[in-house]
Asks: 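Quick one: this structure, given as structure tokens, is what I'll be asking you about.
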Amino acid sequence: MTTAPWRDPARSAAARVEDLLARMTLEEKTAQLYGVWVGADTDGDGVAPHQHDMTDHHSADDYAELITLGLGQLTRPFGTAPVDPDLGALALARAQRRIAAAGRFGIPAVTHEECLAGFTAWRATAYPVPLAWGASFDPPLVEEMARHIGRDLRSVGVHQGLAPVLDVVRDPRWGRVEETIGEDPYLVGTVGSAYVRGLESAGIVATLKHFAGYASSVGARNLAPVRAGLRELADITLPPFEMALREGGARSVMAAYNETDGVPASADPWLLTDLLREEWGFTGTVVADYFGIGFLQTLHRVAGSPAEAAGLALAAGIDVELPTLKCYGRDLVAAVREGTVPAELVDRAARRVLLQKCELGLLDEDWSPEPTASVDLDSAANRALARRLAEESVVLLDNPDGVLPLAPDARVAVVGPRAADPLAMLGCYSFPSHVLTHHPQVPMGIDVPTVLQALRAELPDAKVTFAEGCGVSDPDDSGFAEAVARASEADVCVAVLGDRAGLFGRGTSGEGCDVADLDLPGRQGELLDRLVATGVPVVLVLLTGRPYALGRWQGRLGAVVQAFFPGEEGGPAVTGVLSGRVNPSGRLPVSVPRLPGGQPWTYLQPPLGLAGEVSNLDPTPLYPFGHGRSYTEFAWEDFAGPEARTGTEGTDGTDGSTGTNGTDGTYDVSVTVRNTGGRAGAEVVQLYLHDPVASVTRPDVRLVGYRRLELAPGEARRVTFHFHPDLSAFTDRAGRRIVEPGALELRLGVSSAEIRHTARLTLTGPVRVLGPDRRLRCEVSEGT
């Protein structure tokens, strides 16, 4: 028996796919362009927008007939309902064998799952949310976490993960802030690329989302229009995606829901084809966000029918309709036969899908869906990694009087609605928050210690009492009196406040849970006022998915600890900081505002976005981007750069180091960081760029490099940033990305607002226009 050329692994993937395409009917080609969501709920609350009215119920007979043509994707066999991992892996293998047996070519489906903060499956490790990854400033650790997630996905037969989210926070009132890495594109790009590398190294197709502009919605409302200009899109929104493709190797991109200046992303050929493929050279697959193609008809109203929506999406460059069949089926086939949608668009998308299936081994004759071993999705190694990342992500915002660490035998009143709830640790895309709320009879499946449990274990000699005080968002204040009584009896009160993650208004943080202002949810602010009024030192612990305004309590709190949904090991991580077992090393990936109004605000502001005499509103944050304190001290010594004049005072009171370079060279700045305290700790050295004069307005400062340094007591390490002028590039008035000659300042700081050393650099020569090969990253080296 002769093997068909498309089955021959000795041939190139392109040759195999061309042979296969030539054998397929139009119906078989389109069948490769959509997923099917078996078991999706069509009644009531769902896990995707408009799920109830966009999901058609397919009977078993419909499904059996559908798969005779083949199938592009299977949607979330583990992430739709609680499924035992071992049984789920066997069930998925059976489903794949059935799909392969039903079609003429025996091609299985690509299976995808959500993996925003771990595999969104029952009994799988719930890691810290992406905002906590940003707070760690530790890309290698995030890469290791993603590798573990990828291995777990592969162990049960999954091929594609819908992560990471690379949206840059533009307004912290947006509900999905918890899913982002932060408010700075360089931080988002470097940490997000690390996640992609980890996932892809395990053989999982990483899917970048949401491409592009989704987080810039008007009024921070989910799916609201985006009115960002060319420079915001080019200089803030797009760079993390470009970095994750070029440096991470992502093989898939998800088109966003939003429209930008009237053009929906799912129908934008400039975004999905001209930029993504022709300029950036992307060769993978573009998938729709759930129901995003149908939304072209029902929400955006740029299409009059499912067939028109399919034609717009295919022309723009969307290859795969997710989560289930709506537009790319019979309506599309009919439109192609009628000549209203070019057949070449179907061929183009099918070619990309089949090339990816070929890369994944799904066209090989020896392909097998059988799991190779028993499945453990929450292994000891996973939990240890979740603990380490949680510990690195906790940010000590303030500790002015040394209330922390807590005395081991202290009388501690633990108060607040987040203290005794395991869900306080988990974001909206964790399985317990995302799915299990619809299955209240099913146990959580993983152990998630609360802050209260963890603190009692952490401080066995302490007298720990508890009162909830109030709920997260309900108006009942009947618990205030008990909370105040417990605090009054204690040496210190630990107030554990924050968010409840949920979907579409069912939480205070999460997809579709946008807020009008940045006050603490519900009556929690009033509870905190009552606790502070006792005169007992209050340690505020925040477990949230976004920053909240804390200026009301400035100078009134014993200490402030911020954790962004730190995952299943978050309780021990937070209490480790409270006890002193863990030296806090997290840094803010988003600014913490002073006041709840006067928003939105992120630190990437040009001069008129800063405080000034032309407005009575001062947007200056209480705690700036990059801020975080430690239980040890660090000295920054021997700052140096080319032609440095150390000791010469600059106008900002820092070193006045200067240098001259062309617009295409390198410029090194170095500093030695020494741990001068009595315990091990981590310092995050941050490099910021200030452009005093440019042809368009620029952010006052922006991050262009960083390095996390772990140092033992007395240990010193020298860190050198190799700055290239490409990192100073911006989009000019003609839409070109340029490096402009002139003065620059390179500022080394412990945050965006606390600068330790400044190097002044003058770029000489002509304006240089950059292409797609521009440098995206500031290389950093270390020495002793």
Asks: I need the minimum non-hydrogen distance between G502 and C513, along with the two atoms involved.
Replies: O-SG, 3.7 Å
Asks: I'd like to know if R16 and E359 make a salt bridge, using a cut-off of under 4.0 Å between side-chain N and carboxylate O.
Replies: no
Asks: Salt-bridge test for E27 and R337: reply yes if a basic N is under 4.0 Å from a carboxylate O, no otherwise.
Replies: yes
Asks: Find the distance between CZ (R154) and CG (L199) and round it off to the nearest 0.5 Å.
Replies: 11.0 Å
Asks: Between the side chain of S193 and the main-chain N/O of T190, is any donor-acceptor distance below 3.5 Å?
Replies: no
Asks: For the pair T207 (side chain) and G161 (backbone), establish whether a donor and an acceptor sit closer than 3.5 Å, ignoring hydrogens and angles.
Replies: yes
Asks: Does CZ in R23 sit with more than 12 non-hydrogen atoms of other residues, nucleotides or ligands closer than 6.0 Å?
Replies: yes
Asks: Indicate yes or no for a side-chain donor-acceptor contact from T324 to the backbone of V36 under 3.5 Å, with no hydrogens or angles considered.
Replies: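 Looks like no, no N/O pair under 3.5 Å.
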Asks: How many angstroms lie between atom CZ of R98 and atom CZ of R94, to the nearest 0.5 angstrom?
Replies: 11.5 Å
Asks: Only one of D376, N382, D152 forms a side chain to side chain donor-acceptor pair (under 3.5 Å) with T125, so which one is it?
Replies: N382
Asks: For L314 versus L345, what's the shortest heavy-atom pair and its separation?
Replies: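 The pair with the smallest heavy-atom distance is CD2-O, 4.0 Å.
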Asks: When rounded to the nearest 0.5 angstrom, what distance separates OG1 in T273 from CZ in F282?
Replies: 11.0 Å
Asks: Report yes or no: do Y214 and D289 form a side-chain donor-acceptor pair below 3.5 Å?
Replies: no
Asks: Taking D319 first and then K357, would you say they form a salt bridge - that is, a charged N and a carboxylate O separated by under 4.0 Å?
Replies: no
Asks: Would S217 and N258 count as a side-chain contact (heavy atoms from CB on, under 4.5 Å) here? Give the steps.
Replies: CA-CA 8 Å; S217 58; N258 60 277; over 6 Å; no
Asks: Do E28 side-chain atoms and T25 backbone N/O form a donor-acceptor pair below 3.5 Å?
Replies: yes
Asks: Report the distance from atom CH2 of W6 to atom CG of D19, rounding to the nearest 0.5 Å.
Replies: 9.0 Å
Asks: Measure the CG-NE2 distance between L362 and H159 for me, rounded to the nearest 0.5 Å.
Replies: 4.5 Å
Asks: Verify, without hydrogens or angle tests, whether E247 (side chain) and M243 (backbone) share a donor-acceptor contact under 3.5 angstrom.
Replies: no
Asks: Side chains of Y429 and E178: any donor to acceptor distance under 3.5 Å?
Replies: no
Asks: Give the minimum heavy-atom separation between E242 and P772, together with the two atoms involved.
Replies: OE2-O, 4.0 Å
Asks: Taking all atoms of both residues into account, what is the closest heavy-atom pair of L360 and V110, and its distance?
Replies: CD1-CG2, 4.1 Å
Asks: If you compare all heavy atoms of V168 against all heavy atoms of A215, which two are closest, and at what distance to 0.1 Å?
Replies: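 Taking V168 first and A215 second, the nearest heavy atoms are O-CB, 3.4 Å.
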Asks: Can you tell whether the side chains of E114 and K209 come within less than 4.0 Å, N to carboxylate O?
Replies: yes
Asks: For Y290 and W37: C-alpha separation, side-chain torsions, deciding distance, then whether ring-ring contact (aromatic ring centres under 6.0 Å, His included) applies.
Replies: CA-CA 11 Å; Y290 281 17; W37 196 357; 5.4 Å; yes
Asks: Does the side chain of D366 pick up a donor-acceptor pair with the side chain of S368 at under 3.5 Å?
Replies: no
Asks: Tell me, with the steps shown, if V17 and L21 meet side-chain contact (heavy atoms from CB on, under 4.5 Å).
Replies: CA-CA 6 Å; V17 168; L21 279 173; 4.0 Å; yes
Asks: Taking S430 for the side chain and G427 for the main chain, is one N or O donor matched with an acceptor at less than 3.5 Å?
Replies: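 Checked: pair present.
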Asks: To the nearest 0.5 Å, how far apart are CZ in F295 and SG in C327?
Replies: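 Answer rounded to 0.5 Å: 10.5 Å.
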Asks: Looking at K326 and E321, is any side-chain nitrogen of the basic one under 4.0 Å from a carboxylate oxygen of the acidic one?
Replies: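 No, no charged N to carboxylate O under 4.0 Å.
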Asks: Looking only at the side chains, is there a donor atom on one of T285 and Q356 sitting less than 3.5 Å from an acceptor on the other?
Replies: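 Yes.
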Asks: Let me know which of L208, T180, V188 forms a side chain to side chain contact (heavy atoms under 4.5 Å, CB included) with P240.
Replies: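 Testing each of L208, T180, V188 against P240, the sole residue satisfying side chain to side chain contact (heavy atoms under 4.5 Å, CB included) is V188.
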Asks: Evaluate S201 against R147 for side-chain hydrogen bond (donor to acceptor under 3.5 Å, both in side chains), listing each step before the verdict.
Replies: CA-CA 7 Å; S201 71; R147 189 175 299 111; 3.2 Å; yes
Asks: side-chain hydrogen bond (donor to acceptor under 3.5 Å, both in side chains) for Q160 and S252? Distances and angles first, verdict last.
Replies: CA-CA 9 Å; Q160 183 169 358; S252 185; 3.1 Å; yes
Asks: Between R123 and D84, is the closest basic N to carboxylate O distance under 4.0 Å?
Replies: yes
Asks: Please step through side-chain contact (heavy atoms from CB on, under 4.5 Å) for the pair L436 and W122, ending with a clear verdict.
Replies: CA-CA 8 Å; L436 274 189; W122 190 50; 4.2 Å; yes
Asks: Check D347 with R351, please: is the shortest side-chain N to carboxylate O separation under 4.0 Å?
Replies: no
Asks: Compare every heavy atom of V435 with every heavy atom of G79, then report the nearest pair and how far apart it is.
Replies: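 That would be O-CG2, 3.3 Å.
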